[in-house]
S.K.: 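Got a structure here, written out as structure tokens. Questions coming.
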Protein chains: 2
Amino acid sequence: MEDKTTEIKILEAATEVFQEKGMYGARMQEIADKAGINKALLHYYYRSKEKLFETVFRAAVSLMAPRIKGIISSDVPIFDKIRKFTDEYISFLSNHTYLPAFVINELNKNPQLIQEIFLKEIGSSFQILRDDVQKLADKGEIKPVDIEHVLVNMISMSLFPIIAKPLLKTMFNKSEKDYQIFLETRKKLVADMIIDSIKV
Amino acid sequence: MEDKTTEIKILEAATEVFQEKGMYGARMQEIADKAGINKALLHYYYRSKEKLFETVFRAAVSLMAPRIKGIISSDVPIFDKIRKFTDEYISFLSNHTYLPAFVINELNKNPQLIQEIFLKEIGSSFQILRDDVQKLADKGEIKPVDIEHVLVNMISMSLFPIIAKPLLKTMFNKSEKDYQIFLETRKKLVADMIIDSIKV
DNA sequence: ACTTTTGTTGACCATTTGGTTAAATTATAT
DNA sequence: ATATAATTTAACCAAATGGTCAACAAAAGT
């Protein structure tokens with residue numbers, strides 16, 4: 001933490017605070033304290049709170065989105081793609097618990113940010129997936145499903161248990177460790193469900 | 001809007017603002033303006049911002065939770081229960097788009113609130129469901145599934161498309177109306193998937 | 001009629017907050 | 001060495017914010 005450049009230290013501290021408190025709840029002073037620097041330095045590197053937030057937010061999206069993109073546009077059989085997705089995405093999110101709630105929440109509060117940021121990250125790869133699925137359906141290798149629903153189902157079942165973790169943890173009376181196991185189990189379970197829903 | 005009691009007007013205005021901006025982002029002045037009253041009146045009826053927020057939050061949970069509870073603990077065959085859930089819950093949430101993101105988000109930021117509020121609302125009915133499913137599995141009428149996963153799957157696929165609406169709307173390039181149709185379609189689709197995953 | 005309680009307001013206050021500035025310190029180049 | 005540029009800080013500021021208070025108005029008891 002010591003030899004890191006100030007700019008990085010700020011970004012890390014800001015990420016923590018913003019993800020925990022959100023754009024409005026975050027305090028510049030808290031970020032400065034957490035980064036171990038003077039508040040004025042924040043403004044020296046990132047001109048305003050908004051600028052800093054946007055940087056953090058873009059970084060968060062850039063951390064989440066390419067993984068979806070990379071997996072769904074990789075050149076492997078579709079069933080493998082699905083298994084790979086649930087496996088890697090649930091793993092990744094387990095280690096970044098705050099991320100999805102942060103992104104989705106800020107997206108709700110500031111919808112116009114999406115067009116620019118999110119589409120650029122994901123956009124194109126979705127078309128590819130759509131075409132792939134169409135071809136497979138034509139060849140009779142899978143059911144002629146609506147890819148939008150399949151994708152939403154898969155993302156829902158992978159992401160929601162992370163977003164609603166505190167709720168579900170309490171609801172099912174699970175310890176932190178038990179919840180991790182619960183998530184681990186879902187990797188295969190979700191993939192199986194999705195595959196079952198599209199295989200002929 | 002005119003003949004409503006001041007207290008109600010405040011609560012409605014506060015609900016709007018809190019759901020849109022969150023606890024931190026909400027401004028007492030904005031709530032007062034939206035309610036068409038003086039800011040001091042807010043403090044006359046609800047002593048502090050925190051108090052007001054908690055009232056709004058509890059009301060939101062009380063709006064969401066009993067519906068889950070009512071459906072899953074009703075005395076109808078399990079498959080009907082599932083169809084009823086997806087149908088009614090997606091309908092309800094379509095008319096209260098902000099609700100789930102609001103509840104889940106605040107729950108993430110303030111986890112200790114859950115124990116008290118959420119468990120009281122949901123808690124018991126979950127045990128009933130668990131027992132029901134166990135019995136059905138013993139009788140061989142459904143697979144011996146893990147009810148926790150089934151429930152999470154069902155809630156995930158119903159709730160997530162509401163929470164991530166702005167994201168998915170952009171991603172799939174859908175108009176407001178198209179998105180409503182998309183959600184409408186999901187009612188049956190989700191129920192079918194859940195039922196398929198547990199039927200023998 | 002009038003007293004008391006309840007509801008409502010405008011003006012005000014202390015604190016917090018994002019942001020600035022001028023000066024000091026450190027690094028870099030000449 | 002020294003001038004120049006980059007980094008860091010303490011002190012400060014204006015605006016915003018949650019909250020209060022004294023006074024006024026309306027309702028409700030009596």
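Here is how names work: the chains are called A, B, and so on, in the same order as the sequence lines, proteins then strands, and each is numbered from 1. Remember, predicted model here, so these are calculated numbers, not experimental data.
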S.K.: Identify whether any heavy atom of A/Y44 sits under 4.0 Å from a base atom; if not, whether one sits that close to sugar-phosphate; answer base, sugar-phosphate or nothing.
M.R.: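 It contacts base atoms.
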S.K.: B/A40 or A/S48: which one's nearest nucleotide on DNA chain C is closer to the 5' end?
M.R.: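 This one resolves to B/A40.
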S.K.: B/H43 NE2 to D/dG18 P: how many Å, rounded?
M.R.: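 Those two atoms, NE2 and P, are 8 Å apart.
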S.K.: Any salt bridge linking A/D131 with A/K135? Criterion: basic side-chain nitrogen under 4.0 Å from a carboxylate oxygen.
M.R.: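 No, no charged N to carboxylate O under 4.0 Å.
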S.K.: With respect to A/F53, which candidate in A/Y24, A/F18, A/Y46 satisfies the ring-ring contact (aromatic ring centres under 6.0 Å, His included) definition?
M.R.: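 In the set A/Y24, A/F18, A/Y46, the residue that makes a ring-ring contact (aromatic ring centres under 6.0 Å, His included) with A/F53 is A/F18.
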S.K.: For A/Y24, answer base if it contacts any base atom (sugar-phosphate contacts may also be present), sugar-phosphate if it contacts only those atoms, and nothing otherwise; contact means non-hydrogen atoms under 4.0 Å.
M.R.: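 The answer is nothing, as A/Y24 stays clear of every strand by at least 4.0 Å.
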S.K.: Quick one about B/E176 and B/Q180 (side-chain donor to acceptor, distance below 3.5 Å, no hydrogens or angles considered), yes or no?
M.R.: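 There is such a pair (donor and acceptor under 3.5 Å, judged by atom type) between the side chains of B/Q180 and B/E176.
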S.K.: Would you kindly give the CG-to-C1' distance between A/D33 and D/dT9, to the nearest whole Å?
M.R.: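 Atom-to-atom, A/D33 to D/dT9, this comes out as 14 Å.
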S.K.: Using a cut-off of strictly less than 4.0 Å, decide whether B/Y45 has a side-chain nitrogen or oxygen near OP1 or OP2 of C/dT6.
M.R.: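 Negative; the distance criterion is not met.
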S.K.: Measure CD1/A/I37 against P/C/dT25 and give the value in whole Å, please.
M.R.: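 For the pair A/I37 CD1 and C/dT25 P, the rounded distance is 19 Å.
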S.K.: Within the structure, does a side-chain N or O atom of B/R27 lie under 4.0 Å from either OP1 or OP2 of D/dA16?
M.R.: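 False: B/R27 side-chain N/O out of range (4.0 Å or more) of D/dA16 OP1/OP2.
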S.K.: How many whole angstroms separate atom CZ of A/F18 from atom C1' of C/dG18?
M.R.: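 Answer to the nearest Å: 11 Å.
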S.K.: Do any side-chain atoms of residues 140-151 of chain A form donor-acceptor pairs under 3.5 angstrom with protein atoms, and if so which ones, sequence neighbours left out?
M.R.:
| residue | atom | partner | partner atom | Å |
| --- | --- | --- | --- | --- |
| A/D146 | OD1 | A/E148 | N | 2.9 |
| A/E148 | OE1 | B/K174 | NZ | 2.8 |
| A/E148 | OE2 | A/R130 | NH2 | 2.7 |
| A/H149 | ND1 | B/R186 | NH1 | 3.1 |

S.K.: Check the distance between D/dG18's C1' and B/E50's CD and give it to me in whole angstrom.
M.R.: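 Taking CD of B/E50 and C1' of D/dG18, I get 11 Å after rounding.
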S.K.: Using the salt bridge (Lys or Arg N to Asp or Glu O under 4.0 Å) definition, which of the options A/K39, A/K49, A/K21 pairs with A/E30?
M.R.: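 Result for salt bridge (Lys or Arg N to Asp or Glu O under 4.0 Å) with A/E30: A/K21.
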S.K.: Among D/dG18, C/dG18, D/dT9, which nucleotide sits nearest the side chain of B/K49?
M.R.: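 My answer, after comparing the listed nucleotides, is D/dG18.
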S.K.: Any side-chain N or O of A/T6 below 4.0 angstrom from OP1/OP2 of D/dT8?
M.R.: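 Yes.
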S.K.: In whole angstroms, how far is the C1' atom of D/dT17 from the CG atom of B/L52?
M.R.: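 From B/L52 CG to D/dT17 C1': 15 Å.
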S.K.: Given atom CD1 of B/I31 and atom P of D/dG19, what is their separation to the nearest angstrom?
M.R.: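 The answer, rounded to whole Å, is 10 Å.
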S.K.: Give B/A26 one of three labels, base, sugar-phosphate or nothing, depending on what nucleic acid heavy atoms sit under 4.0 Å from its own.
M.R.: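 If one applies the 4.0 Å heavy-atom cut-off, B/A26 turns out to touch the sugar-phosphate alone, with no base involved.
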S.K.: Report yes if at least one side-chain N or O of B/N38 is closer than 4.0 Å to OP1 or OP2 of C/dT8; otherwise report no.
M.R.: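 Checking B/N38 against C/dT8: no side-chain N or O falls below 4.0 Å of OP1 or OP2.
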S.K.: Grab the CG-C1' distance between A/L42 and C/dT17 for me, whole Å please.
M.R.: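 About 13 Å, once rounded to whole Å.
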